[in-house]
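Scroll down for the structure; my scribbles are underneath it.
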Amino acid sequence: MIGTFARFDIVNFVDPVRRVLPAILLVVAVAVATPVPAFAIGAAAIVMSLLAGNPFAADERGRLDTLYSTLPIGRRTVVVGRYLALVALYFGVALAATLAAIVTTALAHQPVDLAVLGAVNVGAFLVFAVAIAVQLPFFFSVGYTRARPMMFIPSGVLVAGTALAAQTGVLDHVDLLQVVSQNLAILLVAAPTIAVAALVASAFISSVRYSRRAL
Amino acid sequence: MTASAVKVTGLARTQGTFHLDSVDVELPTGLVMGFVGPNGSGKTTTIKAILGMLQPDAGRIELFDGEAPGTPSVTERVGVVLDQLFVNPDWKVGSLTRRIGQFFTAWDDAVFRGLLDRFGLRTDARIGTLSRGEGVKMAMAMALGHHPELLILDEPTSGLDPVSRADLVDILREFMVDPTHSILFSTHITSDLDSLADLILVIDDGRVAYSGTLDGLREEFAMVHGTEQLTSAAASSVLGLRHTGGRFDGLIRSDSTPLFGPSTVIDPASTDDVIVHLARRGATQKENLS
């Protein structure tokens, strides 16, 4: 039933094309317009974490939490299904961003470094996973309206942190590309592990909170 | 066949200033129970607890002879219609089979579409464009589309025109032809109960004021009218006492009849009388407290 619910959730989310299509267009635009096309993959993480609250908004608008409680599925199924749906949607948009980055780089007659693209994808997935791992327990606990600020807080913290680092020059002496390439193997293992661990822990908390929520 | 469709014992729940206090509900399989009471008396809270949508502070809720509410095996057997639709208004009516039906093992598309046809609902209509009556009919088709044994309806007839109400009552009668079926039916429109309900549960201010048959309700309560000065014992026995132009009227429990003098008129109480006067009593008590 978890798979059934995840599919149901994806269909509901994708159904109004106005949600996912603009996200894809945005990451493609980032790939085309920025000097580093791989930025599109980071943009996918930010955009999809900003959109993670949308299914909860749809739940409130259609009173779908009530619907879920009348369906023969447990609340844990709803929680796990939603995490899976959001991750699947993220992978879709990240794939579009990766393809856009490859095509844009190739059209600019630049070499495509698949290892760097892979590392960026892993890092972006970590950002996305941590962002929704922070957001979703709030949405499941109190619903969209009351948890709405959580849509922006993780991305806001990330952007503010990056801006602060740039302003203070903390990372000026660090060659990020060199650090990544020297630690690529560790990054490729550690980042997905941390991401998955964050999602699992977050889903557990969400499940407990959602099961106690009066619908 | 299970003996009991719903059994609630000592249900208590506090939400803000509202307190649901030790509510008992027993609906044997094969019967229709009307659930009535003034606004804010606790009907919806009780129904939500029975559906597993909220956790009670105390008490025990069992469906189908001992199963816990809200579990997949129970919700598979329960059809639900609430006072508001709980589907996305952007969805089309016909898409409910694909969206909702996939979750129920017993979903019957022929039954669902047959009911839509019977109600004259277009499958390509967006749910948000349906009128109140059409929405209730669609919700009924959704609730009956998976062959439930128990229907739980929270004020489905409120706001419906007489024709739509009659259609709904017809559907419920047909549902009850099967002796394994049961209905818990909350409503403000007590005439629906007169033609449908075997049992009635009256709830007032979070407490059960009456539970039993409709005939028993009429025996349990009576209306008093008169002009005489009431003794304090008589006055305190009147529920929702109202004075107008030197006259008084109110609801009493039948066993309070001896407290009244010979000039007081005592009439049988209708279901509406019981609800109206209980509501009035609740409002008076709240005014006195504030």
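Protein chains get the first letters and strands the later ones, always in sequence-line order, with residue 1 at the start of each.
- Of the residues listed (A:Val130, A:Val80, A:Ile132), the one engaging A:Leu199 in a side chain to side chain contact (heavy atoms under 4.5 Å, CB included) is A:Ile132, and it is the only one.
- Under the 6.0 Å distance and 45° angle rule, A:Arg82 counts as a cation-pi partner of A:Phe56.
- Partner A:Met48 forms a side chain to side chain contact (heavy atoms under 4.5 Å, CB included) with one of A:Val87, A:Val93, A:Val27 and no other, that one being A:Val93.
- In this structure, chain A has no heavy atom under 4.5 Å from any part of B:Gln15.
- Using a 4.5 Å cut-off between heavy atoms, B:Leu85 contacts chain A through its backbone alone, with no side-chain atom that close.
- Proximity to chain A is limited to the side chain of B:Gln55, based on heavy atoms less than 4.5 angstrom apart.
- For chain B, the nearby part of A:Ser211 is the backbone; its heavy atoms alone come within less than 4.5 Å.
- Ranked by heavy-atom pairs under 4.5 Å with chain B, the first of A:Thr77, A:Thr66, A:Asp65 is A:Thr66.
- Ranking B:Pro89, B:Gly128, B:Ala143 against chain A, the residue ahead of the rest is B:Pro89, based on heavy-atom pairs under 4.5 Å.
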Original post:
Going through the checks in order, is the ring pair (Phe, Tyr, Trp, His ring centres under 6.0 Å) test met by B:Phe86 and A:Tyr68?
Top reply: CA-CA 9 Å; B:Phe86 45 85; A:Tyr68 305 150; over 10 Å; no
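- Salt-bridge formation is detected for the pair B:Arg118/B:Glu174: a Lys NZ or Arg NE/NH1/NH2 atom is positioned less than 4.0 Å from an Asp or Glu carboxylate oxygen.
- Per-residue heavy-atom pair counts under 4.5 Å with chain A were compared for B:Gln84, B:Lys48, B:His146, B:Met142, and the maximum is reached by B:Gln84.
- Scanning all heavy atoms of the two residues, the minimum distance from B:Asp90 to B:Arg126 falls at O-NH1, 2.5 Å.
- Heavy-atom distances place the side chain of A:Arg75, and not its backbone, under 4.5 Å from chain B.
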